[in-house]
Amino acid sequence: MSTPIVTVASNEHHQDLCVAPPVAGVALRGRIRVPGDKSISHRALMLGAIAAGETTIEGLLLGEDPRSTAACFRAMGAQISELNTERVTVRGLGESGLQEPAQILDAGNSGTTMRLMLGLLASRPGAFFAVTGDGSLRSRPMSRVIDPLRSMGAKIWGRDSDEFAPLAVRGQALTATRYDSPIASAQVKSCILLAGLHTDGQTTVTEPAKSRDHSERMLSAFGAQIDLDPDTNGVTITGGATLQGQHVVVPGDISSAAFWLVAAAIVPGSDLTIENVGVNPTRTGILEALALMNADITLENQRDVAGEPVADLRVRSGELTACELGGDLIPRAIDEIPILAVAALFAKGTTKIRDAAELRVKESDRLAVMAAQLQAMGATVAEYPDGLDIAGGATLTGAETDSHDDHRIAMSLAIAALRASGKTTIHRAESASISYPNFIETLKTAIGEVS
Ligand code: S3P
C-alpha cells in the first residue's frame with residue numbers, strides 16, 4: 001500500500017492536517033460538490049426565524065457558523081428543526097417578534113451572525129439582549145454597525161468604548177435613516193436593512209462598491225419592499241412589511257469552491273468539475289481574478305435556482321500569469337484573497353493585491369497570517385497595509401504552518417501544500433469546519449485517495 005498523502009492527527013483540543021504529495025505530484029480529477037453557501041444559509045435561518053409561517057431550507061451549510069445563528073434564534077423563540085442538508089424547517093415568530101432570551105446570545109466565530117442579528121435586536125422594542133462571540137469575534141470591530149444603528153436611535157453598548165463584544169442591546173423603536181457606508185460590507189449593509197425592516201419609513205444604505213446582495217434578494221423574496229439605485233450602490237427598504245416564510249434552496253458556496261478552483265488550476269494534470277456552485281455576480285471576483293491569470297475555467301449548465309444563479313465549474317490546470325487585483329473587484333472576492341495568494345505563487349511574474357485592508361479584520365489578520373505562513377514554506381511575499389505582492393514561480397518546501405484558527409487560512413495552506421515538496425503540517429486545521437465540515441474528505445476524493 002502506498003503512503004497516504006493526506007493524514008490527520010488529533011488531540012483533545014486541536015487537529016493537525018498533514019499533506020505530503022508524492023514527488024510525481026497529485027492531480028485533482030472528477031466531479032465534486034461543495035457545501036451550501038454560508039451567507040445564504042445565515043440569511044435563510046434569520047429571515048425564516050422572523051417571518052410568519054414556515055420556511056424550509058434545502059442545502060443548508062452545516063458548518064459551525066450557521067449553527068451559531070440557529071442557536072441564537074432558537075434562544076429567541078424560533079423553532080428550528082435539527083440541522084441537516086436535506087430539509088430544515090423554521091417556524092418563524094412573525095408579528096410576535098423575537099423574544100427576550102434568558103441567556104447570552106453567542107455568535108461563536110461568526111461575524112455575519114453577530115452583525116446581522118444586531119440590526120434585528122436593536123429594532124425590537126422593549127427587549128434586552130447580551131451578545132458575545134469567541135476570542136476572534138470579540139476582537140473584531142463592531143462600531144461599523146453600532147454607529148449607524150445609533151444614528152437610528154439604537155441603544156447599544158460594548159467593550160472598549162463600544163468597539164468590541166460582549167455587547168448589550170436595549171431594543172427600541174428606531175427612526176429610518178440614510179447611511180452612506182464608507183466600506184463595501186454586506187454585513188454592515190444587511191444589519192442596517194434588517195433594522196430598517198422594523199422601522200417606519202424608508203431606510204437607505206449606500207456603499208462605495210457593491211458587496212454581496214443576498215440580503216436584498218432574499219428580503220425581496222420573503223415579501224419586503226426593496227428598491228435599488230445602481231448609481232450609488234444604494235439599497236432602500238420600506239419598513240413595516242411582514243415577511244412570509246419561503247422555500248429556500250441554498251447553492252454550493254463559491255467561497256468553498258475557490259479552494260478547488262485554485263487547486264486544480266495549479267496542480268499539473270488536473271481536470272475537476274465542481275457541481276452546483278452559486279455564481280451570483282457579487283461573488284464571482286474569484287472567477288474574474290483567475291480569468292485575469294489565464295486559468296482554464298468554464299461555466300457549464302448555467303441555471304437559476306430559487307433566485308440565485310448557479311453553474312457547474314470545470315477547471316483544468318495550465319500556465320498562469322501574474323495580475324493586479326484591486327478596486328471594485330476586492331469586495332466580490334473578499335473571502336478568496338488567501339487562496340488567490342496561493343494561485344499567485346504559481347503564476348509567471350509578481351501578482352499585486354491592493355485595496356484589501358479589510359482582510360486585516362477578518363477571522364484573523366489574513367494579510368499578515370498568509371504572508372507569514374507562505375514565507376515559512378519558502379515563498380517570497382511582501383506585505384503592504386492594504387495588500388500583498390506575491391512572487392510567482394515559487395518552489396515551496398513543506399513546513400510547519402498554523403491556521404491561526406481561521407478556516408480559510410487552514411484550507412488555503414492545505415492547497416499550497418499540494419505543490420510543496422515534502423510534508424506540510426497545518427496546525428489548528430479543525431477551523432475548516434467553520435465553513436467546510438468535510439473539506440478533508442473532499443480533498444482526499446479529488447486526489448483519488450479514498451478516505
Ligand atoms: C459576509 C460578508 C463579508 C464576508 C463574510 C460573509 C456576509 O464580510 O467576508 O465572510 O455573509 O454578509 P464583510 O461584510 O465584513 O465584508
Side-chain angles (χ1 to χ4, degrees), residues 109 111 135-137 139-141 144 163 182-185 208-209 255 258-259 262-263 265-266 285-286 288-290 292-293 320-420 424-429 431-432 434:
N109 191 245
S136 155
L137 187 52
S139 67
R140 294 179 66 186
R144 56 181 55 200
E163 182 58 284
I183 40 175
S185 161
S255 297
F259 301 107
V262 170
I266 64 173
I286 175 79
E288 296 169 55
L290 288 171
L292 288 173
M293 300 174 92
L320 300 183
T321 43
C323 68
E324 297 193 2
L325 302 175
D328 281 9
L329 183 138
I330 299 296
R332 293 196 294 280
I334 191 73
D335 292 335
E336 289 70 69
I337 302 297
I339 191 64
L340 279 169
V342 173
L345 292 172
F346 304 101
K348 189 163 183 289
T350 296
T351 294
K352 293 179 186 297
I353 299 171
R354 294 290 184 278
D355 306 320
E358 272 292 300
L359 267 79
R360 296 204 180 275
V361 289
K362 294 293 179 187
E363 286 83 329
S364 69
D365 177 342
R366 288 182 172 160
L367 296 178
V369 173
M370 277 310 283
Q373 302 306 306
L374 294 178
Q375 282 159 359
M377 298 175 79
T380 304
V381 180
E383 198 185 327
Y384 292 83
D386 66 339
L388 300 171
D389 276 4
I390 302 139
T395 307
L396 297 189
T397 310
E400 298 275 327
T401 65
D402 193 323
S403 79
H404 286 247
D405 282 329
D406 184 328
H407 52 130
R408 301 204 196 280
I409 302 283
M411 294 184 276
S412 298
L413 295 174
I415 301 307
L418 293 173
R419 279 288 306 263
T424 298
T425 302
I426 300 131
H427 297 297
R428 295 193 267 177
S431 55
I434 290 289

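These numbers were taken from a predicted model, which means no experiment stands behind them. We use all heavy atoms of the structure for the numbers below, so side chains are in, but hydrogens, waters and symmetry mates are not.
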Any [X] side-chain heavy atom under 4.5 Å of [Y] side chain:
X: L418; Y: T424; value: no
X: L359; Y: D365; value: no
X: M377; Y: T397; value: no
X: T401; Y: H427; value: no
X: R428; Y: D405; value: yes
X: R140; Y: E363; value: yes
X: I426; Y: D402; value: no
X: I390; Y: T350; value: no

Output yes when [X] and [Y] qualify as a salt bridge under the 4.0 Å nitrogen-oxygen rule, no when they do not.
X: E288; Y: R332; value: yes
X: R144; Y: E358; value: yes
X: R360; Y: E383; value: yes
X: D406; Y: K362; value: no

Expected output: side-chain [X] to main-chain [Y] donor-acceptor under 3.5 Å:
X: D355; Y: G327; value: yes
X: Q373; Y: S403; value: no
X: R354; Y: G326; value: no
X: R419; Y: I266; value: yes

Run the side-chain contact (heavy atoms from CB on, under 4.5 Å) test on K352 and D389 for me, step by step, so that the C-alpha distance in whole Å, both residues' side-chain angles and the decisive distance to 0.1 Å come before the verdict. CA-CA 5 Å; K352 293 179 186 297; D389 276 4; 3.2 Å; yes

Can you confirm whether the side chains of E336 and S255 place a donor and an acceptor under 3.5 Å from each other? yes

Residue pair N109, I434: steps toward the side-chain contact (heavy atoms from CB on, under 4.5 Å) verdict: CA-CA 8 Å; N109 191 245; I434 290 289; 3.6 Å; yes

Where do [X] and [Y] come nearest, in terms of heavy atoms and distance?
X: P385; Y: L367; answer: O-CD1, 3.9 Å
X: P338; Y: M370; answer: O-CE, 3.4 Å
X: A341; Y: L374; answer: CB-CD1, 4.3 Å
X: P182; Y: P208; answer: O-CG, 3.4 Å
X: H407; Y: A432; answer: CB-CA, 3.8 Å
X: S412; Y: I339; answer: OG-N, 3.5 Å

Separation between [atom1] of [X] and [atom2] of [Y], rounded to the nearest 0.5 Å:
X: I337; Y: L388; atom1: CD1; atom2: CG; value: 8.5 Å
X: L329; Y: C323; atom1: CG; atom2: SG; value: 8.5 Å
X: I286; Y: F259; atom1: CD1; atom2: CZ; value: 9.0 Å

Walk me through whether L292 and E324 qualify under side-chain contact (heavy atoms from CB on, under 4.5 Å). CA-CA 9 Å; L292 288 173; E324 297 193 2; over 6 Å; no

Start with the C-alpha distance between L396 and L345, add both sets of side-chain angles, then the distance that settles side-chain contact (heavy atoms from CB on, under 4.5 Å), and finish with yes or no. CA-CA 9 Å; L396 297 189; L345 292 172; 4.0 Å; yes

